[in-house]
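Working notes, structure below.
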Amino acid sequence: MGAPNLKQIYLFLYNAVQFSIHLFLFYYVIATYIQGSYKWEDFAGLLKIGTAAQLMDIPHSLLGLTATSIPACLTQVLGRLTILYLVEGNPNRHDAFSTILLLFAYMGVELFRYPFYAVKSLGHEIPILTWLRYSVWMFFYPLGLSMEAVTMLTSVPYYYNSGRYSLPMPNALNFGFNMGVFLVLFVATCFWPISLFLMGHMNAQRKKKLFGKPKVN
């Protein structure tokens, strides 16, 4: 096999950097929480950068570098960023155990996804890594989605009473918005269909990759 081309080098570096960020955050959050020195503000900036960088999968797909599902990517990444800002805006959730479990799920699944794509970018596949990439989500996704629901519902009193992220009346737009009320309505109506969409997408990917029939030339 010849030397990697620029596309392969770029994709390998992108996935390697993202893996490094998530590995560091995974270790840092768990270690500091156990040691009793955990502080949200110590790592939140890097966490948001690493999460936002996942949106690069969209231009990668549009440019033909990868075959990323743009709707699934947007839904997952923007959803994660929203939850992270909900945690950041509510001091009561910074060191909550549900937040630790949420971060464990967010970062844990990426520890298998990015190595898989880093290796794949060089034209290789490691069977056990492929299996892990398309299987560990069955643990991490339900955990993460459950903790997202917990985060939103337990944040309702704080956001309802504080008015943070809200738009009180009267105002020039003649439109009022209360984040606490929105969270209740969102969980009751939209959250579960979105969760089923993401789980269904991952399940379809798993079946196609691990159990799909090989193409006949």
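Along the sequence shown, residues carry numbers from 1. Just so it is clear, the structure is predicted and the values come from calculations on it, not from any experiment. As a basis for the values below, the full set of heavy atoms in this structure was taken, side chains included, without hydrogen atoms, waters or symmetry mates.
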Do the ring centers of Phe19 and Tyr117 come within less than 6.0 Å of each other? no
Rounded to the nearest 0.5 angstrom, the CZ-NZ distance for Phe211 and Lys207 is 9.0 Å
Is the distance between the ring centroids of Phe140 and Tyr106 under 6.0 Å? no
I'd like to know if Glu125 pairs up with Lys209 as an ion pair, taking the criterion as any Lys NZ or Arg NE/NH1/NH2 lying under 4.0 Å from an Asp or Glu carboxylate oxygen. yes
Taking every non-hydrogen atom, the tightest pair across Leu81 and Ala52: CD2-N, 4.0 Å
Between atom CZ of Phe116 and atom OH of Tyr134, what is the distance when rounded to the nearest 0.5 Å? 4.0 Å
Membership question, hydrophobic clusters at under 4.5 Å side-chain separation (ILVMFWY): are Leu103 and Tyr27 in the same one? no
Quick check: closest heavy atoms across Ala67 and Ser61, and the distance to 0.1 Å? C-OG, 4.4 Å
Mind checking whether Tyr14 and His60 have ring centres under 6.0 Å apart? yes
Heavy-atom pair of closest approach, residues Leu198 and Ala72: CD2-O, 3.9 Å
Intermediate values then yes/no, side chain to side chain contact (heavy atoms under 4.5 Å, CB included), Tyr38 and Ile100: CA-CA 10 Å; Tyr38 167 98; Ile100 304 302; 3.5 Å; yes
All heavy atoms of Leu25 vs all of Leu47, minimum pair found to be CD1-CA, 3.7 Å
For residues Ile49 and Val77: do they belong to one hydrophobic cluster (side chain heavy atoms under 4.5 Å, members Ile, Leu, Val, Met, Phe, Trp, Tyr)? no
Apply the test side chain to side chain contact (heavy atoms under 4.5 Å, CB included) to residues Lys39 and Thr32: give CA-CA distance (whole Å), side-chain angles for both, the deciding distance (0.1 Å), then the verdict. CA-CA 8 Å; Lys39 290 183 179 179; Thr32 56; over 6 Å; no
Give, for atom CZ of Arg206 and atom CE of Met138, the distance between the pair rounded to the nearest 0.5 Å. 3.5 Å
d(Asn15 CG, Leu122 CG) to nearest 0.5 Å is 9.5 Å
Minimum heavy-atom separation for Pro142 to Ser146, with atom names? O-OG, 2.7 Å
Contact summary for Tyr159 and Leu86, nearest pair of heavy atoms: OH-O, 2.6 Å
Would you compute the distance between atom OG of Ser135 and atom CG of Leu210 and round it to the nearest 0.5 angstrom? 5.5 Å
According to the side chain to side chain donor-acceptor pair (under 3.5 Å) rule, which pairs have a member within residues 75-90, sequence neighbours left out? Trp40-Glu88, Lys48-Glu88, Gln76-Tyr141, Arg80-Glu110, Asn90-Asn92, Asn90-Ser155
As an exercise, state the distance from CG of Leu132 to CG of Leu111, rounded to the nearest 0.5 Å. 11.0 Å
Across all chains, not counting sequence neighbours, the ring-ring contact (aromatic ring centres under 6.0 Å, His included) partners of Phe12 are none
Is Val156 linked to Leu167 within one hydrophobic cluster, defined over Ile, Leu, Val, Met, Phe, Trp and Tyr using a side-chain heavy-atom separation of less than 4.5 Å? yes
Consider only side-chain heavy atoms of I, L, V, M, F, W and Y, link residues closer than 4.5 Å, and tell whether Tyr114 and Ile128 are in one cluster. yes
Intermediate values then yes/no, side chain to side chain contact (heavy atoms under 4.5 Å, CB included), Leu145 and Met199: CA-CA 10 Å; Leu145 291 167; Met199 296 278 284; 4.0 Å; yes
Checking Arg93 against Ser98 for the side chain to side chain contact (heavy atoms under 4.5 Å, CB included) test, could you report, in this order, the C-alpha distance in whole Å, the side-chain angles of both residues, the deciding distance, and whether it holds? CA-CA 8 Å; Arg93 306 310 307 163; Ser98 61; 2.4 Å; yes
Should we say atom CG of Leu63 is surrounded by more than 12 heavy atoms from elsewhere, each under 6.0 Å from it? yes
Does one hydrophobic cluster hold both Ile34 and Leu23, with members joined at side-chain heavy-atom distances below 4.5 Å? yes
Side-chain donor-acceptor pairs of residues 173-191 under 3.5 Å, sequence neighbours excluded:
from   : atom 1 : to     : atom 2 : distance (Å)
Asn178 : OD1    : Gly180 : N      : 2.9
Asn178 : OD1    : Val181 : N      : 3.1
Asn178 : ND2    : Tyr160 : O      : 3.4
Thr189 : OG1    : Leu185 : O      : 2.6

